[in-house]
Amino acid sequence: MAVIHDVIPAFELFQPMTVDDALVLQSRYGAKAWVLAGGLDSFDWFKDRIKRPEVVIDLSQIKELRGVRTVSDGIEIGAMTTLTEVVRHPMIREKYGILPKAAELAASPQIRNQGTLGGNVSQDARCWYYRGGWPCYRAGGNICYADTPSGLNREHAILDADRCVAVNPSDTAPALIALDAKMVVRTPRGEKVVNAEDYFIGPGIDITRMTILQPGDLLTAIRIPSTWAGAKFYFEKVRDRNVWDFALVNVASAMVASGNTIERIRLVVNGVAAHPVRLTAVEAAVAGKPRNEETAELAAELAVRGAKPLQHNGYKVPLMRNLVKRAIRGVVGEEAA
Amino acid sequence: MAGNESADPGISNQVKISRRDIIKGVIAAGAVSSTSYLFRGSTLLAQASAPGSVERLITLNVNGQQRRVDVMKQETLAMTLRYKLGLTGTKIGCDQAECGACTVLMDDVPYYSCSVFTHTVRDKKIVTIEGLAGADGKLHPVQQGVVEEQGFQCAFCMPGFVMSAVGFLKTNPNPTRAELAHGISGNLCRCQDYDKILTALMRGAEHMRKA
Amino acid sequence: MNLIEWAQSPWGQQVPVHIGWSLLWVSAIGGLLFLIGHAIYVAYWAKPAHAHSNASAAAASGVAAQVPERVARHSLGARLFHLIMAISMFALLLTAFLPKVGVRFPWVTYHWIAGIVLTISIVYHIIHAIFWLDFWSIWPDEEDREDAVRRFRRALGQSAPAPRKFAKYPLENKLYHTIVMLAGLAVVVTGVFMMKRVQTPFFIRNPYLFGDMTWGWMYVLHGLAGIGFVGLVTVHVYFAIRPEKLFITKSMIFGWITREQYLEHHDPQRWPVSEEASEAGPSKSTKVPA
Amino acid sequence: MTTKPTTANYKLIGKNYTTPEIVAKVTGKAKYAEDFRADGMLFCKLALSPMPHARVRSIDMRAALAMPGVKAILTMDELPAPADSITDNGTVILANPKGFRALTMEPLFQGQPILAVAAVDELTAADAIEKIKIDLEPLPFVVDPLASLRPGGPNARLDGNVWVRVPPPPSQAGRPAAVTPPELQTLKWTREDFEDAKQGRLPMGKPTEQWSVGDVDAGLKNAALVLDETFVTPNTSHQCMETRTAMAYWQNGKVFVHTGTQSTSQTVPAIARWLGIDPSNVVFISEYTGGGFGSKITGDITLVIPALLSKKTGAPVMMRISREEEHYIGRGRPSLLGRMKVGFSKEGRITALDMYVVCDNGPYDMVGDSFSAGRIVSVLYQPQAMRWRSVTVLTNTPPRTSQSSPGGMQGIAIMEPVLAKAARKLGLDQVAVRRINAPEGKAPFGPLVAGKQAYATSAFIKEALDRGAEQFKWNERKLLTGKRNGSKVRGVGVAISTYSGGTTGFDGLFVIKPDGKIYIQSGVGNLGTESWTDVHRVVAELLGVPWEKCEIAWGNTAKNLPWTCPSGGSQTTHAMTRAAHAVTMDARKKLQEIAAKDLGGKPEDYEVANERVFRKGGGAGMTLARAAQRAVQLGGVYDGHELPKDINKFTVVSATALSGQGLLAVARDTYPHDGNTFSFVASFAEVEVDVETGQYHILDYLAYADVGTVLHPKALGGQILGRSILGIGHTLGQKWVYDQHYGLPVAKRFYHTKPPTILDIPDKMAWGAVEIPDPETPIGARGVGEPPVGGGCAAILNALSDALGDEIFRRAPVTSDVILAALEAGRPVQDPLRSNI
């Protein structure tokens, strides 16, 4: 059968108005259904005719999934809130500045106008073999093409790889983990709330999924506790092009310091594993230490411990090291972050 | 529509050359009638009535007009605009939300129309490049800026850039050159005339502020 | 339901990638149905197999005196092997299929470690069986066939000579061993190659050892053998706990059976209790005249 | 024409103006190929090869043909055979039977079209493609040129792995020798040859082509410094914003084709050749083209697919080429693997240059990039002795073709880092080193032909260097570089660059009608360089007619256009201002003659200005409108009923169709032209590198051009800076990525292949022009499309090595991973010897 990567195949479209209706549809069509948020990840799959659902459930009409609400402890952001809305939201900018900073570095203006926070954190891997429709582990196959003697893995994982070496491409995910955000998930069995860092899974757990979401589940909102409101934030994304490009590595940190001493910190790196990597060991090690080059060096060395680079992504080790350094001590020569 | 009224000079010339109907049919940016079969119907059978099931025949608000149009479930806005409404000013450069040539405004916000399902924008006000100039043909200030500065080269990316700029300038009417560059950074130009494009669009912003 | 999952190779060719995992349930249910069927058969149709010929009875009474208290049935080595194999087999099945049924954990490392244990134990067993054990005792022979036919005809109510008593192993046991051996060799051989596809301390990962098609079929074979074991293990456990077979199960633990069990189930001519056979056992047996 | 004419007194030339089509562009009314519709129009989709090299055993299209709405399927056996072509001077170019064709039964790269389906809509066509069974037999493949040259390495084609130019057959009396296609041969290097590869040096096995001038070995022996450097340039796709979409239909035996092109006129014979029909049966429409950069010189051969499907189905057929398809069939610039042994005197003068290049040609028609690279290096750096050797290797990757500054960009990118390193080693100023080697006047270059080298018409690159260095404040900036500020370090770079700047011998055609207006016919393709209109400003300028009174017909061969150069190789500005000048002189002569006939005296007593022809020193005269009426009455040569003998037959057809409408001016450019025309650019850049992330950005960029007379400043600026960034893109990140095991590309999206965005360009950009007219052409104007490309690429490379040192990169692009890995290891870590990363 000849292959063609153009023209979206026909499917049935549903545009529920409420989350309940969406869940009904999801349970009715199960694995046949594809849930569409902003759609920017989905369109690639559809147009390349690689993933071809019979039914698409478009969440765009569900009002309750949009907008930012203040809740008892912190804020709740609807999963369908666009990245632009997050970037422009005055209160988020003021208290949780790292999130808009990360969101603004994602993709391009048009994509941020359409792409949603829920979609950005839940997006699929960008491994070019996988996206090219090669039948790899992540596509349900029995091989990883990127981790072979001739594999092209410049953009791939240096940590926690298990057969598949793809990385998580999200920019907002590490920021949310740094903010200790909680993901609100509706399942057929009711609602559950999970820590952002537990929302993401590696290939060892499920090689075909990036998150805990199973068919029938729906991410409805993201809660950010006030724990880290107004903390000292650092976010940096290193990429090839200055717009519309995925992170080679990005780093997100939230730090509370008294004077020059680090009281507590949350430190997350993405683009190095199939899930954002929270560096708990580093967090513990630098707590109570002065915010200086020495501490930064210590953190950096600790961070890359156990890194297993592939042929073409060895540079990610020094890159991750340096970004962690910067997250601790800021960029020398610039205002401390 | 702009598309329909502007019979292409090249083509009208051919109309002289030949009298056969098929050529009369060749008009720049075809009439809806000639293109309504770009896509055939959904291959799926009529769906069971379910919450959120959608009708194919919808009304779109495009450039201030209500347009009735038959839209497939999987149809993108770019295809609807180009092949069903004859608005070919909206270009398809990559069809993958990467180049911005298909950028249109929806409620004043720039979107990649190649990556929006037409059914999701029923309730939005859509403006394409054809809808910028006044009915009297008076150019939009941003268009004016482009003309004055001879912005762009092959101009395939131009409609998208202009729509992005107009959308951005509505939120930030007085940007620095760098801010404008960020605002329109979702658009690609392979003639790489970026420097002149920025000059032209900065001039457009200036006109917009005066207007 | 697909028997085999196919995919389009990077070159656009249809290649198998693995079996349809729904076959897992087929195998499990198949195993259950078999044991239910067998239970019913034994309960209602199976005629008592002990109506045996006088000749053998006489022989039995004749030899009874010489048969030791405890007849050694499984050497320590054989039992250890069986134990280790059983453990690794369970580990393999759990690590392979729990994730498939929704219990998710990083299973690959445990799986290949258990796989190595199984492989080594099987290699040991083959060598041990060839050089130390009564190698042929486990293979079905002509007499087993005749007895099976007899038993079957009697079950159908037809007249047939009474089947003889078993030699060392009952036919079911032998057949089971044969199937397990085939499936076992299949998983082990494919499994060893498949380790080249994952990160292990032993190889540099190289999935391009074979072509897409060869690998595909290898995965299918591994999968088929794997789910096969689900049914086989179910059946095995079933037989292990059947009352009339319990003495065999015990012997796999303690290594010996009683004289009574020996005389009741086994034909001393087909399984003469000899020094070699009993030395491993804890019995103070004396030689049986041939 | 030896004295340098001045441009000061022009009224239109050198002035900005609003081009005639820009309003249509900015309002969305400009129609590109995919914007046309026709009643009953069908849509076609392509089935592409999934393998890098295979043979089609069988095709089962029954299921597809059975689908409602599927109208026809086209395969290779329905394509006309490749046909010879004939140049203007009658030279026959023999068809290459091994050249690229629209469809194939032996695909030589992934993505090569095997068949096309026409259906009532795209969805049906696409679904039909998936119903077609194509049984393919995989064949040996190679996606890296050196891999193919290794002993026992695979060949991209069953009958060879390298192109070799062969001498033409003896020419028949009177007719120039035919141009024969290159020959496919098999070449393998020895194990010993590959020893060098171990040190990351390009192996230099047996070449297939070479030339040499002067004593290279002596030059190297007597040099104060000898450098031996290997550098690799990337394969890059043209990635025009508009894909090579085409629409076609047939009417009364004529085929009407809509698609993008770089030449309206020259695409007609190409279409005729590809379809095996007479040019008079081709109507070609292309008012607007969404970028070409060399990939659409005469449209694209795949346009025959909708044309043939249209013939087969009797309905118009639209072939919308997707972005992924464009990646496969949209052509690309070949990677050059280069090695330079260069000897320098202590003053930095190049005493000898030994150049070896391996060209990653792709599987089809031979590209001239490696030859052109040698030629450009030779003219730009004027080595006292030079040897050039090359192998053009076939790989199972998309077909290559000229891309802005084909070979020039690569040659300059390979050479400039060597020059930069030499300057550092010799403790010399970078500008000075370039100045001392830069060409001047009638600079010689290239191989010896009949005992002597060819030479340039003129070169004022030294002026460009001087003025550029001053404007860029080079001497101040260079002192501030290389110093760390936190994790940031700055560097400045300069590079010189050149490419051919024009051709000669094309036709001009316009009619002065009784309404007093000038109706100018333009066969130039409209790529947005605006040369299609700029060159005709010459007519209004020399006739003294306001631009508003000039109407230009373009973009549709039914509008009777003259024979014109293709807008490639930066020819148009030079070639077509000459033609415009020639045709204006023809009009002036005819006006003078008409005036003399009516008002007495000799033609030369009359002059033409202010829309009139009148007796010198005032007195009797007549308006151009009146003269146009008289021309019609007089007929003959005046209204086009008699035409000059030397114009192209294509122009004859057009002029004949226009005859009798007014004063018809038509002429061929026969002006003398001593030498080869080159344009030059001096590029300056400052970069800032962050050594903790490997990221860098360009703070400032200046390109100072020597392009002769400036026609249209804004358009020129757009070209100089736009094409500079095209080159800069090759440094920033543009590349192909191929999986060597399957021979397939994994980088097909923009976010993989990295064309520069508006946020990747320099913070500040500026351009200048020395504005010294070329003495060998009447208006003094040269082309500018290509020359800035190499300079842009190399200026950034040089700025990076100025900031980081020489031992960081061995290839372009230079991305953050390359920089970080090299800084970490203290040496270049990437494998420099692969054309794809």
Side-chain angles (χ1 to χ4, degrees), chain A residues 5-25 28-29 32 36-44 46-49 52-62 82 84-85 87-88 104-105 107-115 131 241-245, chain B residues 38-48 50-56 71-76 79 94-100 102-124 160 163-165 167-168 171 181-188:
Chain A
H5 287 173
D6 194 20
V7 186
I8 304 179
F11 54 65
E12 197 44 74
L13 177 69
F14 293 99
Q15 298 184 312
M17 307 295 288
T18 67
V19 169
D20 294 334
D21 287 352
L23 289 167
V24 169
L25 287 162
R28 174 186 299 179
Y29 293 101
K32 288 204 204 92
L36 188 80
L40 289 153
D41 195 333
S42 313
F43 270 91
D44 290 352
F46 296 169
K47 285 180 176 168
D48 289 346
R49 297 184 154 228
R52 35 208 322 172
E54 287 174 35
V55 168
V56 169
I57 302 167
D58 166 27
L59 306 177
S60 65
Q61 309 300 314
I62 305 178
T82 67
T84 300
E85 285 162 347
V87 169
R88 298 213 180 124
E104 191 152 25
L105 290 170
S108 74
Q110 287 94 324
I111 288 176
R112 294 193 291 271
N113 292 338
Q114 182 178 350
R131 288 276 172 168
R241 299 194 303 174
N242 291 314
V243 65
W244 219 127
D245 214 342
Chain B
L38 168 64
F39 300 106
R40 83 181 122 85
S42 159
T43 54
L44 292 181
L45 301 168
Q47 81 263 19
S53 54
V54 296
E55 295 299 321
R56 277 188 53 161
V71 178
M72 283 187 306
K73 308 297 173 71
Q74 77 276 18
E75 192 169 323
T76 63
M79 281 297 180
C94 68
D95 203 27
Q96 288 173 312
E98 286 197 274
C99 78
C102 64
T103 303
V104 300
L105 296 184
M106 291 197 283
D107 297 341
D108 290 341
V109 178
Y111 281 78
Y112 292 138
S113 65
C114 75
S115 298
V116 172
F117 286 127
T118 309
H119 278 282
T120 64
V121 301
R122 281 179 311 234
D123 52 350
K124 291 199 156 66
M163 299 317 287
S164 288
F168 173 73
T171 63
H182 274 88
I184 58 173
S185 60
N187 294 67
L188 215 54

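Owing to the predicted nature of the structure, the values given are computational and were not obtained by experimental measurement. Residue numbers start from 1 in every chain, and the chains themselves are labelled A, B, ... in the order their sequence lines are given, proteins ahead of strands.
In terms of heavy atoms, L25(A) sits closest to P51(B) at CD1-O, 3.4 Å. When all heavy atoms are compared, the tightest approach of G186(B) to S108(A) is CA-CB, 3.6 Å. Of all the heavy atoms in Y112(B) and I111(A), the pair that sits closest is CE1-CG1, 3.4 Å.
For N242(A), no part lies under 4.5 angstrom from a heavy atom of chain B. Contacts of D20(A) with chain B are absent, with no heavy-atom separation under 4.5 Å from either backbone or side chain. Contact of L36(A) with chain B is made through the side chain alone, with heavy-atom distances under 4.5 Å. Proximity to chain A (any heavy atom under 4.5 Å) is shown, for D95(B), by both the backbone and the side chain. With a threshold of 4.5 angstrom between heavy atoms, T120(B) approaches chain A through its backbone and through its side chain.
A heavy-atom distance below 4.5 Å is found between the side chains of T103(B) and Q110(A). The side-chain heavy atoms of D123(B) and Q61(A), taken from C-beta on, include a pair separated by under 4.5 Å. Between W244(A) and L188(B) there is no side-chain heavy-atom pair separated by less than 4.5 Å. Contact of the C114(B) side chain with the K47(A) side chain is registered, since non-hydrogen atoms from C-beta on lie closer than 4.5 Å.
Of the listed residues (S115(B), G100(B), S185(B), S164(B)), the one with the most heavy-atom contacts under 4.5 Å to chain A is S115(B).
A ring-centre distance under 6.0 Å is found for F117(B) and F11(A).
Residue H5(A) places its NE2 atom among more than 12 non-hydrogen atoms of other residues, nucleotides or ligands, all under 6.0 Å distant.
In this structure, CD in E98(B) is found 7.5 Å from CG in D44(A), a value given to the nearest 0.5 Å.
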Test log, rule side chain to side chain contact (heavy atoms under 4.5 Å, CB included), inputs M106(B) and N113(A): CA-CA 10 Å; M106(B) 291 197 283; N113(A) 292 338; over 6 Å; no
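Put simply, the residue from M79(B), E75(B), Q74(B) that forms a side chain to side chain contact (heavy atoms under 4.5 Å, CB included) with I8(A) is Q74(B).
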